[in-house]
S.K.: 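Below are the structure tokens for one structure; questions will follow.
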Amino acid sequence: VCSLYCQVIEAMEELARERELRSSLAEDVAIFQQKYDRLLAEQEVLYKDYFRQRESWLGEKKSLEERLKVQGDQLTDNQRKIEVQEDQTKQLQKLIAPQGV
């Protein structure tokens with residue numbers, strides 16, 4: 001009877017330890033769940049911020065590309081004007097040179 005009683009006591013103690021362990025694990029799971037939820041919320045905020053900022057970046061990129069095109073066109077126009085002026089200068093020099101001789 002004593003050994004049976006000792007086995008019951010040991011089984012009850014083991015059961016109490018397992019319940020305590022389960023309770024501790026449940027608390028750990030709850031803490032991890034809270035941390036996970038917080039990380040998901042932060043990730044959502046970061047993604048929203050990224051996409052909002054991305055739209056801004058795309059707008060800025062488009063604006064810079066347009067400015068670059070306009071400046072490239074102006075450069076081409078100025079180069080053409082310089083070529084025309086150089087041709088006119090050469091023609092004037094040809095006209096003036098024979099008179100000076």
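Since the model is a prediction, treat every value here as computed from it, not as a measurement.
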S.K.: Rounded at 0.5 Å granularity, tell me how far CG in L92 sits from CD in Q85.
M.R.: 11.5 Å
S.K.: Got a donor-acceptor contact below 3.5 angstrom from the S24 side chain to the E20 backbone?
M.R.: no
S.K.: Find out whether L40 and E44 are in side-chain contact, i.e. whether some heavy atom of one side chain is under 4.5 Å from a heavy atom of the other.
M.R.: no
S.K.: Please determine if D73 and K69 form a salt bridge, counting it only when a charged side-chain N lies under 4.0 Å from a carboxylate O.
M.R.: yes
S.K.: Rounded at 0.5 Å granularity, tell me how far NZ in K61 sits from OG in S56.
M.R.: 13.5 Å
S.K.: Indicate if M12 and L4 have the same hydrophobic cluster label, given that clusters are the connected sets of ILVMFWY residues with side-chain heavy-atom separations under 4.5 angstrom.
M.R.: no
S.K.: Applying side chain to side chain donor-acceptor pair (under 3.5 Å), run through Q33 and D37 and close with a yes or a no.
M.R.: CA-CA 6 Å; Q33 183 65 43; D37 291 343; 3.0 Å; yes
S.K.: Quick one: pull up OG1 in T76 and CD in Q74 and give me the separation to the nearest 0.5 Å.
M.R.: 10.0 Å
S.K.: Looking at S63 and G59, would you say the former's side chain and the latter's main chain have a donor-acceptor pair under 3.5 Å?
M.R.: no
S.K.: For K90, is there an ion pair with E86 - N to carboxylate O distance below 4.0 angstrom?
M.R.: no
S.K.: Determine whether F51 and W57 fall in the same hydrophobic cluster, where Ile, Leu, Val, Met, Phe, Trp and Tyr are linked whenever their side-chain heavy atoms lie under 4.5 Å apart.
M.R.: yes
S.K.: Does CZ in R17 sit with more than 12 non-hydrogen atoms of other residues, nucleotides or ligands closer than 6.0 Å?
M.R.: yes
S.K.: At what distance, to the nearest 0.5 angstrom, does CZ of F32 lie from CG of L25?
M.R.: 10.0 Å
S.K.: Within a radius of less than 6.0 Å around CD of E60, do more than 12 heavy atoms belonging to other residues, nucleotides or ligands occur?
M.R.: no
S.K.: How long is the span from the CD atom in E83 to the CZ atom in R80, to the nearest 0.5 Å?
M.R.: 8.5 Å
S.K.: Drop me the distance from L46's CG to Q53's CD, to the nearest 0.5 angstrom.
M.R.: 12.5 Å
S.K.: Judged by modelled atom types alone, do Q91 and D87 share a side-chain donor-acceptor pair under 3.5 Å?
M.R.: no
S.K.: Under a 4.5 Å cut-off applied to non-hydrogen side-chain atoms, are E65 and L68 in contact?
M.R.: no
